[in-house]
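Below is one structure; the comments refer to it alone.
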Amino acid sequence: MADQQLDAPAPEGYDELLTRLKERVRTSQVRAARAANTELLALFWSIGRDILQRQQDAGWGAKVVQRLAEDLRREFPEQRGWSRRNLQYMRAFAAAWPDGEFVHQAGAQLPWRHVTVLLDRLDEPTLRDWYAGAAVEHGWSRNVLEHQITSRLHAWAGAATSNFPAHLPGPDSELAQQLTRDPYVFDHLDLTTRATERDLEQALMDRLQGTLAAFGHGMAFVGRQVRFDVGDEVLVVDLLLFHVTQLRYVVVELKIGRFSPAYVGQLGTYVAVVDDRVRDHDVHAPTVGLLLCTGRDEQVVRYALASASAPLAVAT
């Protein structure tokens, strides 16, 4: 009888309810995992704080950490994380964030192994906080976090020279600046120093996944050599990207060689065309242009951008 009821057609609205319940269960699971992770970090921080205080106030030596590790493993044999090395990480954790603010900020969403990377690789508190926030925002794995630290992402993220403040509203200007980098490092390409712009373009497309990673989180590929018929001319955009978080088209122009002010006029025209013919003005943020060249004079770049009528950025 029960099997017959299960085989009967689902009542109206059943599938919709089931979908909502599945989503609710998954959301609850994610929240529970985050809460458990936050609780674990709070525990580790408190243990590290107590060890640090006893060593500072009572003069406990380093050997006490080994003894604590052995006693905690004996008391909690089913739990991992009570090694001497991990207790030393807990001590370093408390020393790095002495007020415990990390546990109450976005960094509390990071797994413990991510935290150990921050402790191992970074000494500057502001940099630790920057990379912790970026890792949470972009969902970096531990290996990606290590790579971004090694490549000094903080030094070149959002660093391209631009005229965004002059052409975009304040908040939007800041968002657009964040999607730039300087320099752009395409170390996934196997190119010689004699590569042409077409060679570079082809290599970027052949290794598209690495290319999009180099352009930064949130970039999606729209097209290469995108053609627009304008009057009696055909305008060709080297690369057209779309930032899925900012909902913004990004027109990319590639130049092998030093920057020339003429490039700004060319790219500005492309940006105007894409903004007019491709962008949905009710949905998308204003289109921006990104000029990549292999060398530049910073003063010349700034004068050229000051005269441009479109929101543009220039990077190496």
Side-chain angles (χ1 to χ4, degrees), residues 30-31 33-57 60 62 64-66 68-69 72 79-160 171 174-175 177-185 187 213-219 245-246 315:
V30 171
R31 288 176 179 170
R34 286 180 177 174
N37 187 72
T38 300
E39 186 64 28
L40 179 67
L41 291 185
L43 172 65
F44 283 178
W45 181 87
S46 68
I47 291 173
R49 175 202 58 195
D50 290 348
I51 294 174
L52 190 63
Q53 286 182 346
R54 294 301 178 96
Q55 289 181 330
Q56 291 175 343
D57 299 341
W60 285 11
V64 74
V65 176
Q66 179 62 40
L68 280 172
L72 287 170
Q79 294 182 5
R80 301 175 58 186
W82 303 121
S83 66
R84 175 176 177 274
R85 179 172 176 77
N86 215 38
L87 289 179
Q88 289 175 326
Y89 273 127
M90 296 177 202
R91 181 187 182 281
F93 185 29
W97 287 278
D99 298 327
E101 65 270 19
F102 184 92
V103 179
H104 305 291
Q105 297 174 349
Q109 299 177 35
L110 288 178
W112 174 242
R113 294 186 67 199
H114 284 58
V115 177
T116 62
V117 170
L118 297 174
L119 295 172
D120 279 338
R121 305 295 299 275
L122 299 166
D123 297 324
E124 179 63 39
T126 55
L127 289 184
R128 282 196 297 260
D129 290 340
W130 191 91
Y131 280 101
V136 171
E137 179 182 357
H138 302 309
W140 292 342
S141 68
R142 183 173 182 265
N143 288 338
V144 170
L145 174 59
E146 288 198 90
H147 172 74
Q148 302 292 31
I149 293 174
T150 300
S151 64
R152 291 177 52 81
L153 175 63
H154 68 279
W156 40 277
E174 294 173 7
L175 284 174
Q177 189 65 45
Q178 289 173 16
L179 64 78
T180 72
R181 299 183 174 193
D182 190 24
Y184 282 83
V185 182
D187 53 7
F215 274 107
H217 180 80
M219 284 291 193
T245 303
Q246 296 189 20

Chi angles and distances behind the side-chain contact (heavy atoms from CB on, under 4.5 Å) call for Gln109, Thr38: CA-CA 6 Å; Gln109 299 177 35; Thr38 300; 5.7 Å; no
Would Val115 and Phe44 count as a side-chain contact (heavy atoms from CB on, under 4.5 Å) here? Give the steps. CA-CA 11 Å; Val115 177; Phe44 283 178; over 6 Å; no
Tell me, with the steps shown, if Tyr131 and Leu153 meet side-chain contact (heavy atoms from CB on, under 4.5 Å). CA-CA 9 Å; Tyr131 280 101; Leu153 175 63; 4.1 Å; yes
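The shortest side-chain heavy-atom distance between Met90 and Ile51 does not fall under the 4.5 Å cut-off. Within the 4.5 Å cutoff, no side-chain heavy atoms of Leu68 are placed close to those of Arg84. For the pair Ile149 and Glu146, the minimum side-chain heavy-atom distance is 4.5 Å or more. Within the 4.5 Å cutoff, no side-chain heavy atoms of Thr245 are placed close to those of Leu175. In this structure, Arg49 and Arg91 have side chains that are not in contact, with every pair of non-hydrogen atoms separated by 4.5 Å or more. Residues Trp45 and Leu40 are not in side-chain contact: their nearest non-hydrogen atoms beyond the backbone lie 4.5 Å or more apart.
In this structure, Tyr89 contributes its side chain and Arg113 its backbone to no donor-acceptor pair below 3.5 Å. A side-chain donor-acceptor contact under 3.5 Å links Arg128 to the backbone of Leu122. Side-chain atoms of Trp130 never come within 3.5 Å of backbone atoms of Pro125 as a donor-acceptor pair (strictly under, hydrogens ignored).
Between the CG atom of Leu118 and the CG atom of Asp129 there is a distance of 9.0 Å, given to the nearest 0.5 Å. Atom CG of Leu41 and atom CH2 of Trp97 lie 10.0 Å apart (nearest 0.5 Å). The CD atom of Gln56 sits 4.0 Å away from the CG atom of Leu52 when rounded to the nearest 0.5 Å.
Between Leu119 and Ala96, the shortest heavy-atom distance links the atoms CD2-CB, 3.8 Å. Closest approach of Ala160 to Ala315, counting heavy atoms only: CB-CB, 4.0 Å. When all heavy atoms of Leu110 and Ala135 are compared, the pair lying nearest together is CD2-CB, 3.7 Å. Taking all atoms of both residues into account, the shortest heavy-atom contact from Asn86 to Gly81 is ND2-O, 2.8 Å.
Other residues, nucleotides and ligands contribute more than 12 heavy atoms inside 6.0 Å of the CD atom of Gln66. A 6.0 Å sphere centred on CZ of Arg121 holds more than 12 heavy atoms belonging to other residues, nucleotides or ligands.
Using modelled atom types and a 3.5 Å distance limit, the side chains of Asn37 and Trp112 yield no donor-acceptor pair.
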